[in-house]
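For clarity, every value in this text was computed on a predicted model and none was experimentally measured.
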Amino acid sequence: IGIEGHAVTQKLNLPKEKASAPQKLDEVDKKILEAMAYNARVSNAALSKVVGMSESATLERVRRLEKSRVILVYSTRIDAGVMERNVTALVTIRLVNHSGDTYDEFVRFIQSADEILSCFQVMGSCDFVAHVAARDVVNLEHFLTQKLLKLKAVDRTESMCVLKILKRLFDPPEEHQ
């Protein structure tokens, strides 16, 4: 179990064998995945009612989805304030160039920076968009000026502080009203 910004995830202890070929999901599998995406701790009894199958058949389906690596981790979203991450920002980043050493240095930094919750390589006027969380604006500014912008690989950044989340994947709709 590891804390990743606003979430605690538990990776499944599956054998190190190769994942089976991607399987075609039927409607029951999709219902199971949707229910578990909203609540990873849903009981097998409740899940079996959602999909209209016996508890044993439902449990077998979940285990098959885990074994075939359709379900990768179980995750819990945690109140950001408890984790002392009260300020979040989206930071666009443009690299000086994409040569091997420059790119590799940047990737190593991204993977090791605790402030970065996620980072996406994108097309457009920037090269990357990072989701960053900090204790407060002072800590965000320190991260940007004393860590990120100190990298020789970084040409420029633009930061946008998040005021409110209007939609987040797998949030029940009532959480945003």
Legend entry - Approximate separation, where rounding is to 0.5 Å, of Asp104 CG and Arg108 CZ: 5.5 Å
Legend entry - Path from Val122 to Leu95 over hydrophobic side-chain contacts below 4.5 Å: no
Inset, instruction - Before accepting this row, confirm whether a basic side-chain N of the pair Arg63/Glu66 lies closer than 4.0 Å to the acidic partner's carboxylate O. - result: no
Legend entry - Inter-residue atom distance Asn39.CG - Leu47.CG, 0.5 Å rounding: 9.5 Å
Inset, instruction - Assess whether atom CZ of Arg64 is packed by more than 12 heavy atoms of other residues, nucleotides or ligands within 6.0 Å. - result: yes
Inset, instruction - If the plane angle is over 60° it's perpendicular, under 30° parallel, otherwise tilted; pick one for His98 and Phe128. - result: parallel
Legend entry - ILVMFWY network linking Leu151 to Leu149, side-chain heavy atoms under 4.5 angstrom: yes
Inset, instruction - Assess whether side-chain hydrogen bond (donor to acceptor under 3.5 Å, both in side chains) is satisfied between Thr58 and Asn44, documenting all intermediate values. - result: CA-CA 7 Å; Thr58 303; Asn44 189 55; 5.0 Å; no
Inset, instruction - Answer yes or no: does atom CD of Gln121 have more than 12 heavy-atom neighbours from other residues, nucleotides or ligands under 6.0 Å? - result: yes
Inset, instruction - Determine, stepwise, if the pair Asp136 / Asn86 fulfils side chain to side chain contact (heavy atoms under 4.5 Å, CB included). - result: CA-CA 6 Å; Asp136 52 33; Asn86 297 311; 6.0 Å; no
Legend entry - Interatomic spacing from NZ in Lys152 to OG1 in Thr102 - rounded to 0.5 Å: 10.0 Å
Legend entry - salt_bridge(Asp155, Arg94) N-O dist < 4.0 Å: yes
Inset, instruction - Start with the C-alpha gap between Ser99 and Asn97, add the side-chain angles, then the distance that decides, and say whether side-chain hydrogen bond (donor to acceptor under 3.5 Å, both in side chains) holds. - result: CA-CA 6 Å; Ser99 71; Asn97 63 55; 2.9 Å; yes
Legend entry - Arg85/Asp114 ion pair, N-O < 4.0 Å: no
Legend entry - Lys/Arg N to Asp/Glu carboxylate O, Glu115 vs Lys147, below 4.0 Å: yes
Inset, instruction - For side chain to side chain contact (heavy atoms under 4.5 Å, CB included), just list the numbers for His131 and Val91, CA-CA rounded to whole Å, side-chain angles, deciding distance to a tenth of an Å, and then say yes or no. - result: CA-CA 7 Å; His131 180 198; Val91 180; over 6 Å; no
Inset, instruction - Working to the nearest 0.5 Å, report the span between SG of Cys119 and CD1 of Ile93. - result: 5.0 Å
Inset, instruction - Would you give the length of the straight line joining atom CD of Glu55 to atom OG of Ser43, rounded to the nearest 0.5 angstrom? - result: 7.5 Å
Inset, instruction - Drop me the distance from Arg61's CZ to Leu25's CG, to the nearest 0.5 angstrom. - result: 9.5 Å
Inset, instruction - Kindly determine whether Cys161 and Val87 satisfy side chain to side chain contact (heavy atoms under 4.5 Å, CB included), including the steps that lead there. - result: CA-CA 7 Å; Cys161 283; Val87 174; 4.3 Å; yes
